[in-house]
Amino acid sequence: MSLLNVHDLKKHFPINQGMFSRQTETVKAVDDVSLSVEEGETLGLVGESGCGKSTLGRCIIRLIEPSGGKVFYDGADITRMTGPEMRNMRRKIQMIFQDPYASLNPRMRIGDIIGEGLTIHNLAKGNDRKARVFELLDRVGLGEEHYSRYPHEFSGGQRQRIGVARALAVDAKFIIADEAVSALDVSIQAQVLNLIKDLQQEFGLTYLFISHDLRVVEHVSDRVAVMYLGKIVEMAPSNKIYKEGVHPYTRALLSAVPVPDPSRKSERIVLEGDVPSPINPPSGCSFHPRCPFAEKICSEREPALVEDGDHSVACHLFKPATG
Ligand code: SF4
């Protein structure tokens, strides 16, 4: 059984207007998303900014309440959990954010930031807690001398290491990394990505790795899901997506990434127009106004996400080899 199962997850934001604040429209930020993540696996989640991937990550851990659907972690239904159950669940599922500085209390010393979870969850106190924090600092490439320093004394890469240490402190098993390295320089990105991969091996961690950067996602992911306007449009093992991605949106995203591998097609697919407004998405396939392959049916009927073995695609032109 998968460690995480998401079924038909939705997050619809009402838009209220007028004197009586009547709901006039709805933004479907996440619309009927289903996916699963195996234990020890990394699922990459990619798409342009505003496609709903961060909202999906937050809905999974209920930092944003979903409007519908179910999320199961190790068989337990997260969407039905009460406050205390959810607090316990947030020990197992931790989130690492793009801007670690915003999530680190500037008035707290690093030792206390990392050790806070140990205290809250009654995992260690006193000297045991301090020893555990020293261990964690060492494991993420920081030193004991950093224990008493404040967040502003660290670089972006070091702050991200602190975020990782904080997740490890509470023995998290599943980590949602939301644009975790997007704000870092490329050389620092590589170091933090290598750390994330090493820790996965060492602690058997499972990741949902959210990023708009396909290069970064390729580096860490076993499978990749591509999102467009609140829906998953393609999902497959990482090598399939990067070598044989078939959805026109996936192909357009990939064609914009410079690749040193000459075996890959390098023809650039330029997307027409901007990402449509999620308030009033296009009819049928919501990608049709920008799709260079759109046919009549594309504006009339929404394509279902069709499975072909380990590869799922939502496009009318996709013809599964099996079935
Ligand atoms: Fe393009 Fe049509 Fe496929 Fe949508 S369904 S991606 S518009 S070809």
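Remember, it's 1-based here, ligands and their atoms both numbered in the order they're listed. Numbering of residues begins at 1 and proceeds along the displayed sequence.
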Numbering as shown, the atoms of ligand 1 that approach Phe287 to under 4.0 Å (heavy-atom distance) | 6 (S)
Under 4.0 Å to a heavy atom of Phe293 - the qualifying atoms of ligand 1, by number = 8 (S)
Should you measure from each heavy atom of His288, which atoms of ligand 1 turn up under 4.0 Å away?
-> 7 (S)
At what distance is the nearest protein heavy atom to atom 3 (Fe) of ligand 1, and which residue and atom is it?
-> Cys315 SG, 2.3 Å
Closest protein heavy atom (residue, atom, distance) for atom 5 (S) of ligand 1 | His316 N, 3.3 Å
Contact partition for Glu295 relative to ligand 1, non-hydrogen atoms under 4.0 Å = neither
Cut-off 3.5 Å, side chains only: do Arg290 and Tyr228 have a donor facing an acceptor?
-> yes
If we number the atoms of ligand 1 from 1 as shown, the ones under 4.0 Å from a heavy atom of His247 are 6 (S)
Tell me, do Leu9 and Asp32 make a side-chain contact under 4.5 Å, heavy atoms counted?
-> no
State whether the number of non-hydrogen atoms from other residues, nucleotides or ligands found under 6.0 Å of Asp310 atom CG is greater than 12.
-> yes
Can you spot which of Lys240, Glu244, Glu234 makes a side-chain hydrogen bond (donor to acceptor under 3.5 Å, both in side chains) with His311?
-> Glu234
Give, for atom CG of Leu193 and atom NE2 of His219, the distance between the pair rounded to the nearest 0.5 Å.
-> 5.0 Å
Nearest-neighbour protein heavy atom for atom 1 (Fe) of ligand 1, which is reported as residue plus atom name and distance = Cys291 SG, 2.4 Å
Heavy-atom nearest neighbour in the protein, as seen from atom 2 (Fe) of ligand 1, with distance rounded to 0.1 Å | Cys298 SG, 2.3 Å
Note: ligand 1 atoms sitting under 4.0 Å from heavy atoms of Leu317 are 8 (S)
Face-on cation placement of Lys92 at Phe174 ring, 6.0 Å and 45° thresholds = no
Is Glu41 close to Arg223 at the side-chain level, that is, under 4.5 Å between some pair of heavy atoms?
-> yes
State whether Phe72 and Lys70 meet the cation-pi test: NZ (Lys) or CZ (Arg) under 6.0 Å from the six-membered ring centroid, and within 45° of the perpendicular axis.
-> no
Which ligand 1 atoms does Cys285 reach within 4.0 Å, using its non-hydrogen atoms?
-> 4 (Fe), 5 (S), 6 (S), 7 (S)
